[in-house]
Amino acid sequence: MSGGEVSPKPGTDFIRQIVAEDTESGRYGGRVVTRFPPEPNGYMHIGHAKSVCLNFGVAREFGGVCHLRYDDTNPEGESEAFVLGFQEDIRWLGFDWGDHLYFASDYFERMYDCAVILIEKGLAYVDSESEQQIREGRGTVTEAGTPGRYRERSVDENVDLFRRMRDGEFEGGAHVLRAKIDLESSNMLMRDPVLYRIRHASHYRHGDDWCIYPMYDYAHCLEDAFEDVTHSICTLEFENNRELYDWVLENVGFEEPRSHQYEFARLDLQHAVLSKRKIIPLVEAGIVTGWDDPRLSTVRGIRRRGVPPEALRLFCEMIGVAKAHSVVDIGKLEYAIREVLNQSAPRVMAVLDPIRIVLTDYPDGETEEFDAPYFPHDVPREGTRPVPFSNELFIECADFSENPPSGFRRLVPGGEVRLRYAYVIRCEKVVRDEAGRLVELHCTHDSDSRGGKTVDGRRVKGTIQWVSADHALTAEIRLYDHLFGEVPENDAPENQEIVARVNPNSLVVLVGAKVEPSIRADSPDTRYQFERTGYFWRDPVDGLGDKLVFNRIVSLKDTWRSSKTKSDPDLRRGKAGSENVGNNAIKVEKPAVSESRDAARAAAPELAARFERYSSDLGLTLEQADLLTASLEVSDFFEKALAVHDHPAEVASWLTTDLRGLLGARRLGDLPFEGEDLGHLVALVAADRLSRRAGKDVLARMAREGGNPEQLVVEMGLEKVADVTVLEGVIEEALNAWPEKVAEYQAGKTGLIGMFVGEVMKMTKGAADPKKVRKLLVQRLNG
RNA sequence: UGGCCCGUGGUCUAAUGGCAGGACACCGGUCUUUGGAACCGGCGGUGGUGGUUCGAAUCCACCCGGGCCAACCA
């Protein structure tokens, strides 16, 4: 694929699109500042790695910087060791924060000052209710909260109390500082969120300097603002927090262009646990050897396993960045690892589960050497090593079979197989002990096949790896498998269970493996491919001394074995027959009116009356009448438009479909134009002054910056082009630009008509009459 | 249940009103001294129903499904 250098496409995910737009529009004067903000209370895992690749990647691509900032606002569980851990892991992954290393706890003084600003503005107060009372006062998702008895304390009292909280006058829990926002907000986070709590705990970095600590929602946005972060990228579960993020920044006094938060879907991986909440019990129960256990999806675990950082980066690019929750197939990670290692790992021979071969026709005590290349023909890298050969060898037990399945092409009694880079051998005799256990195989070799080629040209299909018994090194080999069979991240909440659910075969240790002697001379961090087996490297903790211990990084793809299992009908059936019909099973005739709008009408007789009038007198559909009487605001807007252009169906369609789509979070009242303007626009379209398509462009412009439709049509050059000769000219031009598409169309791919219409529309900036264009196009292409 | 967010082949992800594309997986083939790699080919998708439009994965409505929010965690 991408030989050696792993450099996939640049990436055009929605985050990068936003950053690109902001860069082009000069919103931040071209600056791009992102940040990776871990809390130092655990080690980095592969989910963090995705975020690191995103944040540092975006900064790198747009010529910006990415800050490493520790979000150490809660003294419990945070420590220097974790701080160092993140730095180690980020560097290993290949990213660099330069001088931009920050700690949220270093901002405590400034944050305190900001809180005083809020208090003085009457936007924050000290609440002395108990935790329980505060919780109750917040209400539920369906019931509004109720103000507590301290909500209306005076500014002076709040300032004084807050200072005394800081000075340590109170016990933990005695008071908190709360924002005064809206106890009835539909967003629970806006119901007077706690900003500061008292914690008489030692901070790993600031000791006992502070006994009040800021909460995430208050602290994080300030940290971003202090550092002039432009794009604060976090995961989806913080979507609801964005409103509070904006509130704090605006009310403390940060003005545009200020920091803004964007959310993406975090990584979820099949067969893996990614949260520290779930890793900790595994570590504590001794199921894994520590945070760096090679079966864990921590970056330390992945690193110890032997995965190169390039592979992790490639993986992160492969999975992309989006807003839809997803669970990534672990096979993708494995692919990325193989992709990188195939290009870089030298091949050597090892036998994991050995069986002895005695060459009866090879002189006892004699040794010869084969010069074996480190890389296969299709990997453009040089190098060979000598591999000793003698009359006693080991081969993989699985490479011999007395009852071979069809298609088996390794060693069988009486059959031949090639020993890689050495000789073709034939199995003459199977030796067993009294108990019937396999002891060794007696074989003969074809002395003319030195190097592996037969002189008579006979085909020997199988080639297997081997090591000379006398020269072999004995090694321990650790084979890793998924820690979990299913997807624990999704179900089973209890910690107890997670320990019980681990795959008992997630680690298999082989102590008698045999490896060719050449590896003794290699650097201990060499990643090898053990031919036909997988990628391995020496365990950096247990396997670096005289003792050889290898970790399997990932196995080789095995199409033989998978093609075997596929013929098994039980393993084959993908998903069961009964497909869920889900949504379309039973369909009730839907009432085209919504409950909330129904309620609005019930509360306002005027609206109810208009609803009746719209649907009967004006002849609108129920759906349109419903939408137009959601509120007086909408209805009035509609009637103003009607006053200008009295065609209810046309106006309703523009208002309920096109304009609604442009509104976004805004309401009609926020628009820089009035109902009359919409009426004018619709009238222009009705009068054939511009195409409906062009009308939408005008409407979009109006929604952005207001303006008179008549003027805009002229200004934007959208006066309808319906003149046949003009259109034919443009059509000719379009067809000439796409000769191969024309051929495809005429060959039967008539769906391309849309593309041609689109091209013509583009060339006329939307001014052409699409109906005419289509008609002319069909005539022209068919005739 | 109120609010917010999200539904594109088995999986991940593009298409920003105009040809539904890529990757992984899977299946077949070529080649091969790794049952690896590479190469060639194939299977397979817009949750549903209406609406707007010359044209809808994309805009509108309703429905279905999933996620997040009621810590003095982040």
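Residue numbers begin at 1 in each chain, while the letters A, B, ... track the order of the sequences. Excluded from the calculations below are hydrogen atoms, water molecules and symmetry mates; all remaining heavy atoms, backbone and side chain alike, are included.
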Between [Y] and [X], is the closest basic N to carboxylate O distance under 4.0 Å?
X	Y	value
A:Glu416	A:Arg458	yes
A:Glu76	A:Arg199	yes
A:Arg347	A:Glu531	no

Whole Å only: how far is the [atom1] atom of [X] from the [atom2] atom of [N]?
X	N	atom1	atom2	answer
A:Asp217	B:rA74	CG	C1'	9 Å
A:Glu339	B:rA37	CD	P	10 Å
A:Phe375	B:rU34	CZ	C1'	14 Å
A:Arg16	B:rA15	CZ	P	13 Å
A:Leu556	B:rG36	CG	C1'	5 Å
A:Phe14	B:rC5	CZ	P	13 Å
A:Leu659	B:rA61	CG	C1'	15 Å
A:Glu531	B:rU32	CD	P	17 Å

Please evaluate the base of [N] for a donor-acceptor partner in the side chain of [X] within a cut-off of under 3.5 Å?
X	N	answer
A:Gln465	B:rU34	no
A:Arg692	B:rU53	no
A:Arg410	B:rG35	yes
A:Lys323	B:rC5	no

- prompt: Near A:Glu740 CD, under 6.0 Å, is it more than 12 heavy atoms from other residues, nucleotides or ligands?
  reply: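 More than 12 within 6.0 Å, yes.
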field: Atom CD of A:Gln133 with >12 non-hydrogen neighbours under 6.0 angstrom
entry: yes
Would you indicate whether the side-chain heavy atoms of [Y] and [X] approach each other to under 4.5 Å?
X	Y	answer
A:Val634	A:Leu627	no
A:Glu239	A:Gln261	no
A:Arg692	A:Asp658	yes

Can you see if the side chain of [X] gets near the phosphate of [N] - specifically, an N or O under 4.0 Å from OP1 or OP2?
X	N	result
A:Arg338	B:rA37	no
A:Lys557	B:rA37	yes
A:Ser653	B:rC60	no
A:Lys771	B:rC54	yes
A:Arg660	B:rU52	no

Among [options], which nucleotide sits nearest the side chain of [X]?
X	options	answer
A:Arg693	B:rU34, B:rG17, B:rU11	B:rG17
A:Ala322	B:rU13, B:rC12, B:rC24	B:rU13
A:Asp71	B:rC12, B:rA74, B:rU11	B:rA74
A:Asp378	B:rC59, B:rC19, B:rA37	B:rA37

Pairwise [atom1] distance, [M] and [N] [rounded to whole Å]:
N	M	atom1	result
B:rC73	B:rG17	P	44 Å
B:rG10	B:rC68	P	24 Å
B:rG67	B:rA74	P	25 Å
B:rU49	B:rC40	C1'	43 Å
B:rA14	B:rA23	P	15 Å
B:rC59	B:rU46	C1'	16 Å
B:rC31	B:rU13	C1'	32 Å
B:rC24	B:rG45	C1'	15 Å

Looking across every strand, which nucleic acid part, if any, lies under 4.0 Å from [X] by heavy atom: base, sugar-phosphate, or nothing?
X	value
A:Leu662	nothing
A:Val321	sugar-phosphate
A:Tyr421	base
A:Gly661	sugar-phosphate
A:Glu263	nothing
A:Lys772	nothing
A:His220	nothing
A:Phe408	base
A:Arg420	base
A:Lys741	base
A:Lys762	nothing
A:Lys453	base

- request: Please report the C-alpha distance between A:Met215 and A:Thr73 in whole Å, then the side-chain angles of each, then the deciding distance to 0.1 Å, and finally whether the side chain to side chain contact (heavy atoms under 4.5 Å, CB included) criterion is met.
  value: CA-CA 7 Å; A:Met215 301 290 292; A:Thr73 56; over 6 Å; no
message: Is there a salt bridge (Lys or Arg N to Asp or Glu O under 4.0 Å) between A:Glu237 and A:Arg266? Walk through the geometry before answering.
response: CA-CA 9 Å; A:Glu237 62 269 30; A:Arg266 71 165 175 220; 3.1 Å; yes
Verdict with reasoning, A:Tyr745 to A:Ile753, per side chain to side chain contact (heavy atoms under 4.5 Å, CB included): CA-CA 8 Å; A:Tyr745 177 91; A:Ile753 191 72; 4.0 Å; yes
query: A:Gln270 and A:Asp329: which non-hydrogen atoms are nearest, and at how many Å?
result: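 Closest pair (atom of A:Gln270, atom of A:Asp329, distance): OE1-CA, 3.7 Å.
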- line: Scanning both residues in full, the closest heavy-atom pair of A:Tyr218 with A:Cys221 reads O-SG, 3.4 Å
message: Quiz question: by atom type and distance under 3.5 Å, do the side chains of A:Arg532 and A:Gln465 form a donor-acceptor pair?
response: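 Side-chain D/A pair, A:Arg532 to A:Gln465: present.
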- line: Pairs under 3.5 Å (Watson-Crick or G-U), crossing ones as [ ], inter-strand ones as |: RNA chain B comes out as .((((((..((((....[..)))).(((((.......)))))....(((((..]....))))))))))).....
Protein proximity profile, nucleotides 66-73 of chain B - base contact B, sugar-phosphate-only contact S, no contact -, cut-off 4.0 Å on heavy atoms: -SBSBSBS
- request: For A:Lys749 and for A:Ala422, find the nucleotide of RNA chain B with the closest heavy atom, then tell me which residue's nucleotide is more 5'.
  value: A:Lys749
query: Syn versus anti for B:rA15, judged by chi lying within 90° of 0?
result: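 B:rA15: anti.
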